[in-house]
Chemist: 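So that we are looking at the same thing, I have put the structure below in structure tokens.
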Amino acid sequence: DNTQNSESRGALIVLEGLDRCGKTSQSTRLVNYLNGIGHSVESWRFPDRNTGVGQMISSYLSNKSQLDDRAIHLLFSANRWEKRSLMEDELKRGTTLIVDRYSYSGVAFSSAKGLDIEWCKAPDIGLLAPDLVIYLDISPEEAAKRGGYGGERYEQREFQKKVALFYQKLQDPTWKIIDAKLEVEDVEKLIRDMVLDCILTCKKGKPILK
Ligand code: DGP
Ligand code: NA
Ligand code: NA
């Protein structure tokens, strides 16, 4: 039925969690699976380090530059804003987006530095809202054990503990929480079921959330 196809939209699905929670490899597995069963799907991530703003963020994260806490917060937000219209176009075209980190990272990481949480939320107001947020739940201790951190600015156990506390405050009805200590294949299976369900709901005509 062509009419239905042209109207059905993709789902905006976000993966969140502490550094080393397994998000990035689960995202790859998920996208490969969805591609394999014939879905139109793209893998996205924030920060997107390829843009001009993204390069400033990348330089900050690798400690090559210093920036005021609020200035870097706004750059992370700008990095999501610069992709907003492309995101909306893709969703309308029927493409499902699997996004590795989004506004929840923005608020959790900056609040963990001591910035006011409401101030942190403000610049992201008006971005597209995800249809589903999958939080891969891991303790900061477990995360630190996983082959060590890569050495970027935020990859420190004490800081990640604070980030975890702020993530808890951000939970909303779009969230599903998965125990990230489960076997990789089990996590993958849980994610697949949640995602297929979400894609179906969006196809049936659920509006894009703003
Ligand atoms: P990743 O490329 O997923 O490893 O993310 C890079 C680091 O930046 C990671 O420690 C999480 C953090 N991060 C991601 N998004 C934001 C954001 O919007 N604001 C802040 N302050 N940190 C973020
Ligand atoms: Na990282
Ligand atoms: Na990552």
Side-chain angles (χ1 to χ4, degrees), residues 12-31 42-84 87 97-130 133-170 172 175 180 191:
L12 177 54
I13 295 166
V14 169
L15 298 180
E16 285 282 3
L18 297 182
D19 286 290
R20 316 263 335 146
C21 67
K23 233 168 6 57
T24 307
S25 59
Q26 285 296 341
S27 166
T28 307
R29 284 167 178 260
L30 175 62
V31 170
E42 281 181 8
S43 168
W44 283 46
R45 71 179 309 153
F46 289 108
D48 178 340
R49 303 187 189 214
N50 298 313
T51 71
V53 172
Q55 283 166 23
M56 291 176 72
I57 293 171
S58 187
S59 155
Y60 171 83
L61 287 172
S62 57
N63 293 305
K64 291 193 188 98
S65 64
Q66 309 303 322
L67 280 169
D68 174 83
D69 288 343
R70 286 179 180 79
I72 185 66
H73 181 77
L74 296 172
L75 289 178
F76 273 109
S77 178
N79 188 232
R80 290 182 282 274
W81 275 104
E82 63 185 338
K83 295 288 169 178
R84 186 196 178 285
M87 254 176 156
L97 306 180
I98 306 299
V99 185
D100 186 341
R101 297 193 183 284
Y102 199 52
S103 304
Y104 302 91
S105 286
V107 178
F109 280 78
S110 289
S111 299
K113 295 173 171 176
L115 298 185
D116 178 71
I117 191 166
E118 295 307 322
W119 187 90
C120 290
K121 286 178 184 174
D124 278 15
I125 294 172
L127 289 174
L128 302 181
V133 178
I134 297 173
Y135 183 75
L136 295 187
D137 190 20
I138 192 167
S139 70
E141 290 75 17
E142 279 298 324
K145 276 190 225 158
R146 291 188 164 182
Y149 289 129
E152 284 203 323
R153 188 180 285 267
Y154 298 142
E155 296 179 342
Q156 294 164 21
R157 193 190 303 201
E158 288 311 309
F159 184 71
Q160 299 276 326
K161 276 189 192 167
K162 292 184 192 158
V163 175
L165 291 176
F166 280 99
Y167 264 129
Q168 280 181 22
K169 299 187 195 208
L170 299 177
D172 64 37
W175 280 47
I191 291 178

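Just so you know, ligand 1 is whichever comes first in the structure, and atom 1 is the first atom listed for that ligand.
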Chemist: Find the distance between CD (E141) and CD (Q160) and round it off to the nearest 0.5 Å.
Modeler: 11.0 Å
Chemist: Among F46, Y102, Y154, Y149, which residue places a heavy atom closest to atom 12 (C) of ligand 1?
Modeler: Y154
Chemist: When you measure from the side chain of S110 to the backbone N and O of C120, does any donor-acceptor pair fall under 3.5 Å?
Modeler: no
Chemist: When you compare ligand 1 with D19, is there at least one nitrogen or oxygen pair between them that comes in under 3.5 angstrom?
Modeler: yes
Chemist: Hey, is R80 one of the residues with a heavy atom under 4.0 angstrom from ligand 1?
Modeler: yes
Chemist: Please could you name the atoms of ligand 1 that G106 approaches to less than 4.0 Å, counting only its heavy atoms?
Modeler: 17 (C), 18 (O), 19 (N)
Chemist: Going by the angle between their ring planes, with limits at 30° and 60°, are H73 and W119 parallel, tilted or perpendicular?
Modeler: tilted
Chemist: If only atom types and distance count, is the side chain of R80 paired as donor or acceptor with the main-chain N or O of F46 below 3.5 Å?
Modeler: no
Chemist: Would you say S110 has any N or O atom under 3.5 Å from an N or O of ligand 1, going by distance alone?
Modeler: yes
Chemist: Give the atom numbers and elements of ligand 1 that come within less than 4.0 Å of a heavy atom of P47.
Modeler: 5 (O), 14 (C)
Chemist: Parallel, tilted or perpendicular, judged at 30° and 60°: which one describes the rings of Y104 and W175?
Modeler: perpendicular
Chemist: State whether the shortest distance between N or O atoms of R45 and N or O atoms of ligand 1 falls below 3.5 angstrom.
Modeler: yes
Chemist: Answer with side chain, backbone, both or neither: which part of I72 has a heavy atom less than 4.0 angstrom from an atom of ligand 1?
Modeler: neither
Chemist: Would you check the N or O atoms of R49, main chain and side chain alike, for any that come under 3.5 Å of an N or O of ligand 1?
Modeler: yes
Chemist: Going by distance only, is there an N or O of R101 that falls short of 3.5 Å from an N or O of ligand 1?
Modeler: yes
Chemist: Scan L74, L127, V53 and name whichever one has a side chain to side chain contact (heavy atoms under 4.5 Å, CB included) with W81.
Modeler: L127
Chemist: Do side-chain atoms of R101 reach the backbone of G17 as a donor and acceptor pair under 3.5 angstrom?
Modeler: yes
Chemist: Could you check R49 against E152 for salt bridge (charged side-chain N to carboxylate O under 4.0 Å, His left out), going step by step and ending with a plain yes or no?
Modeler: CA-CA 14 Å; R49 303 187 189 214; E152 284 203 323; 2.9 Å; yes
Chemist: Should one rank T24, L15, L61 by closest heavy-atom distance to atom 8 (O) of ligand 1, which comes out on top?
Modeler: L61
